[in-house]
Amino acid sequence: MGVVVAAISKARRARKHKRGGDWCFEHHTPVFNWALPVLLDGRPEGCYCSKEGDLDCFDFDAGSYGGYNEFRDELSRLAIGIPANELWTNPEPHLESPFVELLLLRPEGNAIGPVTSAKLYRDFTRYAAAARKQWRRKSERWLLENYMDFRTAFRIAKNRGFVLLR
């Protein structure tokens with residue numbers, strides 16, 4: 001089991017739905033953030049949907065939990081210059097740093113709203129050339145693929161949507 005990332009756009013809160021635990025039995029997307037609710041950008045937790053044909057969506061496998069943490073570590077080193085575990089133990093000096101919202105967020109059932117997605121999309125766009133240069137070896141290609149997949153996810157979610165980490 002690993003980290004699956006999904007992005008949706010043009011999400012609106014579902015008014016009527018049948019819930020069972022953390023899942024909605026209709027064709028809705030459950031959105032919640034157990035770790036950092038502020039990253040939902042003021043949108044309430046709950047089930048979201050969109051009009052038929054009006055939804056952009058994208059998903060990808062971000063690797064095992066260990067692989068995802070390795071990606072976050074490499075991303076932290078690329079943008080901030082420190083290992084991720086140093087950021088996790090002392091985040092306060094780095095709260096304005098690029099990618100910090102993603103770097104601090106654990107993947108277990110969390111979501112990122114449209115405003116934070118727009119900020120992260122800008123970060124991923126601004127650092128794309130550095131990522132290509134840093135991870136050009138074949139053995140590091142998976143890092144660059146994850147990087148580009150996250151950039152796509154945040155591009156989609158900045159349009160009134162969410163990025164979901166499961």
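For the pair E74/L78, no side-chain contact is recorded, criterion being any heavy-atom separation below 4.5 Å from C-beta on. Inter-residue side-chain proximity for P44 and R13 is flagged as met; some heavy-atom pair is nearer than 4.5 Å. Residues R166 and V3 are not in side-chain contact: their nearest non-hydrogen atoms beyond the backbone lie 4.5 Å or more apart. The side-chain heavy atoms of L120 and K158, taken from C-beta on, include no pair separated by under 4.5 Å. The shortest side-chain heavy-atom distance between R160 and S9 does not fall under the 4.5 Å cut-off.
Around atom CD of E92, more than 12 heavy atoms belonging to other residues, nucleotides or ligands sit under 6.0 Å away.
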R43/Y48 under side-chain contact (heavy atoms from CB on, under 4.5 Å): CA gap, chis, key distance, verdict | CA-CA 10 Å; R43 297 185 85 180; Y48 284 79; 3.7 Å; yes
Test I156 against I8 for side-chain contact (heavy atoms from CB on, under 4.5 Å), laying out the working first.
-> CA-CA 6 Å; I156 289 168; I8 60 171; 5.8 Å; no
How far apart are the C-alpha atoms of V5 and D149, what are their side-chain angles, what is the distance that settles it, and do they pass the side-chain contact (heavy atoms from CB on, under 4.5 Å) test?
-> CA-CA 9 Å; V5 178; D149 285 343; over 6 Å; no
Under the side-chain contact (heavy atoms from CB on, under 4.5 Å) criterion, do L40 and F162 qualify, and how do the steps go?
-> CA-CA 8 Å; L40 294 178; F162 295 97; 4.0 Å; yes
F99 and Y127: CA distance, side-chain angles, deciding distance, ring pair (Phe, Tyr, Trp, His ring centres under 6.0 Å) verdict | CA-CA 10 Å; F99 307 108; Y127 281 83; 5.5 Å; yes
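Rounding to the nearest 0.5 Å gives a distance of 8.0 Å between OH of Y121 and OG1 of T152. Atom OH of Y68 and atom CZ of R72 lie 5.0 Å apart (nearest 0.5 Å). For the atom pair S97 OG and L104 CG, the distance stands at 9.5 Å (nearest 0.5 Å). The CD atom of E96 lies 11.5 Å from the CD1 atom of I80; values are rounded to the nearest 0.5 Å. How far CZ of F71 is from OG of S64: 13.0 Å, rounded to the nearest 0.5 Å. Note that CD of E101 is 9.5 Å distant from OG of S117, once rounded to the nearest 0.5 Å.
When hydrophobic clusters are built by joining Ile, Leu, Val, Met, Phe, Trp and Tyr residues whose side-chain heavy atoms come closer than 4.5 Å, directly or via intermediates, V115 is not grouped with L95. By the rule that hydrophobic residues join a cluster once side-chain heavy atoms approach within less than 4.5 Å of another member, L105 and Y65 end up as members of one cluster.
Between F150 and F154, the ring-plane angle classifies as parallel under the 30° and 60° cut-offs.
In terms of heavy-atom proximity, T89 sits nearest to P91 at C-CD, 3.7 Å. Scanning both residues, P98 and K119, for their nearest heavy atoms gives CA-NZ, 3.8 Å. Nearest heavy-atom pair, W88 versus L103, reported as atom, atom and distance to 0.1 Å: NE1-O, 2.8 Å. Scanning all heavy atoms of the two residues, the minimum distance from P114 to D41 falls at N-OD2, 3.2 Å.
No donor-acceptor pair under 3.5 Å is formed between the side chain of N159 and the backbone N or O of R155. A donor-acceptor distance shorter than 3.5 angstrom exists from the side chain of D73 to the backbone of A84, with no hydrogens or angles considered.
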Per-pair distances, 0.1 Å, donor-acceptor, side chain in residues 138-146, under 3.5 Å, sequence neighbours excluded:
unit_1 : atom_1 : unit_2 : atom_2 : d
E140   : OE2    : R137   : NH2    : 2.6
N146   : ND2    : A62    : O      : 3.2

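Of the residues T116, L165, D123, the one that meets the side-chain contact (heavy atoms from CB on, under 4.5 Å) test with L102 is L165.
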